[in-house]
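Structure, as structure tokens:
None of these values were measured; they are calculated from a predicted model.
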Amino acid sequence: MRPTMPTPSETFLSAARERLGPTAVDTTPETVGRYGANLLPGGDLPPAGVLYPGSTEEVQAIVRLANTHGVALWPTSTGENRGLGLKSPVRPGQVVVDLGRRMNRIVEIDETLAYVVVEPGVTYAQLYEELGRRGHKLMMDTTSGPPDGGILGNTLDKGAGYTPYFDHFGMSCGYEVVLPTGEVLRTSDGALPGSKTQYLSKYGYGPFLDGLFVQSNLGIVTRMGVWLMPRPPVLRSFFFTFPDDEDLGDIFELVRPLKLNNVVPTLIKVTSDVYAFGTEETYPFEKTGGKTPLPAEVRKELRERHGLGAWLVSGAFYGPSEEAVQPLLERVKAHFLKSGKARYISHAEAEKSRVLKIHIDTFSGQPTRDELGLLRWRPGSGATWFLPASPMVGRVANEQQALSRRILTEHGFEFVCEYVCGPRMSRALHILLFNRQDAEERERAGRCFRALLQAYAEAGYTIARAPLDMQQEAMAKLEGVPEVLSRLKKALDPEGILAPGKYGIS
Ligand SMILES: Cc1cc2nc3c(=O)[nH]c(=O)nc-3n(C[C@H](O)[C@H](O)[C@H](O)COP(=O)(O)OP(=O)(O)OC[C@H]3O[C@@H](n4cnc5c(N)ncnc54)[C@H](O)[C@@H]3O)c2cc1C
């Protein structure tokens with residue numbers, strides 16, 4: 001009998017073992033299964049193995065070996081991309097490069113110029129703790145997702161938060177990147193040897209390259225600067241409930257001037273009832289006789305239990321003292337109450353509610369685990385994010401709401417959505433929650449996502465970020481950009497070793 005030839009992955013993994021040491025390479029079935037698992041309708045995507053580099057030089061060595069052996073890599077930093085992919089590669093059999101396990105240092109915090117330099121594994125919880133140890137003089141922006149999620153990975157996926165520093169890509173500066181051919185590139189002013197302004201001057205000299213490494217497969221980022229905000233002495237949030245679904249239109253009309261005129265410094269969240277109480281409740285099958293989606297009367301009963309309406313509006317002011325923020329709160333209160341439909345909830349009252357406290361935490365740059373309760377709404381913890389843009393126009397918001405509700409209801413799912421509003425557009429954070437253990441429901445969730453994607457594209461709205469199993473389809477809706485990205489991919493990654501297929505780019 002002829003001996004079987006080792007596969008390219010096997011020869012690559014044994015070369016990596018030799019170069020990095022045996023503990024930096026893991027191919028055990030338990031690890032491969034864990035890294036392939038995700039929450040998405042498309043199913044698990046097991047890698048061929050997992051590598052744990054400890055330095056930029058080791059990342060370079062891995063990339064060079066991948067070129068030699070023709071093996072595809074998948075970078076992950078903390079792999080907490082819940083509802084978007086977790087640690088899974090986009091295609092099964094890619095080798096996961098887990099940068100977070102060993103490259104997890106806060107390299108530097110500059111308290112004068114208010115920035116931090118992080119390695120890929122630095123989590124929101126870790127930075128929050130370190131800033132606290134230094135007396136909370138500086139405030140970071142955080143997501144409302146997992147505190148063990150990472151700052152660098154979230155930024156590279158175009159993640160966002162809620163404070164004035166919500167735009168994580170916008171607030172990052174100076175990347176160190178290992179290119180798919182193994183060279184190291186420093187972006188912004190960092191391209192100058194000995195640069196003293198790498199983490200300060202974002203746009204540098206010449207064309208701006210940082211964007212090439214966001215939602216892409218053109219480099220592995222090994223270090224990043226992130227700007228921080230001086231922590232204001234006083235934060236006071238405000239909340240309003242509105243009773244009816246159609247009030248969304250009026251809410252958008254009320255929110256837009258507050259953001260266009262920069263009256264409210266945070267983003268303003270407009271949270272649907274199920275998104276709010278779903279953090280604390282599980283689907284009440286006993287009340288619906290096992291039926292889905294949630295009947296209107298049960299939905300009403302649940303929101304009333306939590307003192308909510310159909311919508312919850314929230315935002316916050318910062319200032320040097322209580323007296324300084326009070327007039328701003330009064331102004332916003334008068335603005336919303338003139339609608340005749342809003343009910344005001346004060347900061348002090350909101351602090352007592354777990355459902356409302358989530359928002360105070362995120363406006364304070366404080367990581368919270370409470371919103372993750374949404375993943376328990378349906379059994380089987382399936383979750384996938386549909387993230388279209390919505391213009392800040394009330395009529396359009398209501399049209400989009402009607403479209404989403406119709407498609408979700410037809411497929412047996414609830415409308416669970418939070419509009420995160422800026423001056424001109426909001427990001428409509430739909431989370432599609434389903435039972436991933438039930439094959440029929442999982443398949444239906446996939447169909448539902450595709451129906452949403454198609455309907456929004458036909459109406460002229462695209463998404464900002466896609467779960468792994470829908471990236472190819474979402475990219476295929478665009479014109480021109482996929483071709484340019486493909487040309488860039490061939491130029492920068494001629495052997496196609498870095499995450500081929502990510503965001504539909506090969
Ligand atoms: C209830 C709930 C609330 C959430 N709220 C928010 C929210 O408010 N804002 C938000 O943005 N998200 C939110 N999320 C989504 C998600 O959980 C977070 O964004 C999370 O921070 C992302 O995962 P991560 O930081 O561990 O990054 P990772 O999973 O490590 O990486 C994310 C992506 O970046 C790529 N990547 C990672 N590291 C590198 C690298 N070094 N070089 C090149 N590419 C790399 C990966 O391939 C992957 O595609 C929420 C999720 C849930 C369930």
Side-chain angles (χ1 to χ4, degrees), residues 3-36 45-79 85 87-105 119-121 150 152-153 156 175-187 212-213 216-224 468 486 488-503 505-506:
T4 37
M5 294 288 286
T7 64
S9 297
E10 283 163 353
T11 52
F12 165 76
L13 288 164
S14 62
R17 208 168 267 124
E18 214 164 284
R19 171 67 179 79
L20 308 182
T23 56
V25 182
D26 193 341
T27 54
T28 56
E30 187 280 318
T31 302
V32 164
R34 191 158 40 83
Y35 275 74
L45 295 154
V50 183
L51 305 181
Y52 306 109
S55 64
T56 302
E57 293 70 31
E58 288 193 356
V59 176
Q60 289 179 277
I62 290 170
V63 165
R64 289 191 172 122
L65 284 174
N67 274 285
T68 308
H69 295 271
V71 163
L73 304 174
W74 176 265
T76 183
S77 283
T78 39
K87 296 171 167 53
S88 289
V90 71
R91 292 179 184 160
Q94 297 183 339
V95 174
V96 171
V97 183
D98 180 345
L99 293 125
R101 161 91 55 111
R102 293 170 63 211
M103 298 173 71
N104 53 17
R105 283 178 319 133
E119 287 188 335
L152 188 144
L156 294 181
Y175 296 0
E176 178 184 84
V177 190
V178 175
L179 296 173
T181 37
E183 302 96 322
V184 171
L185 174 78
R186 290 189 180 79
T187 66
L212 288 180
F213 305 106
S216 85
N217 47 15
L218 302 175
I220 298 181
V221 179
T222 46
R223 194 171 276 203
M224 175 184 281
L468 284 183
S486 174
L488 284 168
K489 178 72 176 162
K490 286 191 177 66
L492 292 178
D493 185 6
E495 299 298 326
I497 59 102
L498 192 56
K502 184 174 179 186
Y503 272 84
I505 313 165
S506 302

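- The salt bridge (charged side-chain N to carboxylate O under 4.0 Å, His left out) pairs that include a residue from residues 60-77 number zero, where partners must be two or more places apart or lie in different chains.
- For R34, the salt bridge (Lys or Arg N to Asp or Glu O under 4.0 Å) partners two or more places apart in sequence, or in a different chain, are E30.
- Checked against salt bridge (Lys or Arg N to Asp or Glu O under 4.0 Å), R102 has the following partners two or more places apart in sequence or in another chain: E58.
- The two residues L156 and F213 come nearest to each other via the heavy atoms CD2-O, 3.6 Å.
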Please tabulate, for side-chain N and O atoms in residues 91-101, each donor-acceptor pair with protein atoms closer than 3.5 Å (sequence neighbours left out).
residue : atom : partner : partner atom : Å
R91     : NH2  : S506    : OG           : 3.3
Q94     : NE2  : P500    : O            : 3.1
D98     : OD1  : G100    : N            : 3.0
D98     : OD1  : R101    : N            : 3.3
D98     : OD2  : Y35     : OH           : 2.6
R101    : NH2  : Y52     : OH           : 3.3

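- The two atoms that bring P180 and L498 nearest to each other are CG-CD2, 4.2 Å, heavy atoms only.
- For the side-chain hydrogen bond (donor to acceptor under 3.5 Å, both in side chains) test, residues two or more places apart in sequence or in another chain that qualify with R186 are E176.
- Looking only at distances, no side-chain donor or acceptor of N104 sits under 3.5 Å from a matching main-chain atom of G121.
- Under the rule for a side-chain hydrogen bond (donor to acceptor under 3.5 Å, both in side chains), T68 has no partner lying at least two apart in sequence or in another chain.
- Residues satisfying the side-chain hydrogen bond (donor to acceptor under 3.5 Å, both in side chains) criterion with S88, sequence neighbours excluded, are N38.
- For V25, the side-chain contact (heavy atoms from CB on, under 4.5 Å) partners two or more places apart in sequence, or in a different chain, are L13, A16, R17, L51.
- In terms of the salt bridge (Lys or Arg N to Asp or Glu O under 4.0 Å) criterion, residue partners of D493 (sequence neighbours excluded) are, by chain and number, K489.
- In terms of the side-chain contact (heavy atoms from CB on, under 4.5 Å) criterion, E18 has no residue partners (sequence neighbours excluded).
- Residues passing the side-chain hydrogen bond (donor to acceptor under 3.5 Å, both in side chains) test with T76, sequence neighbours excluded: none.
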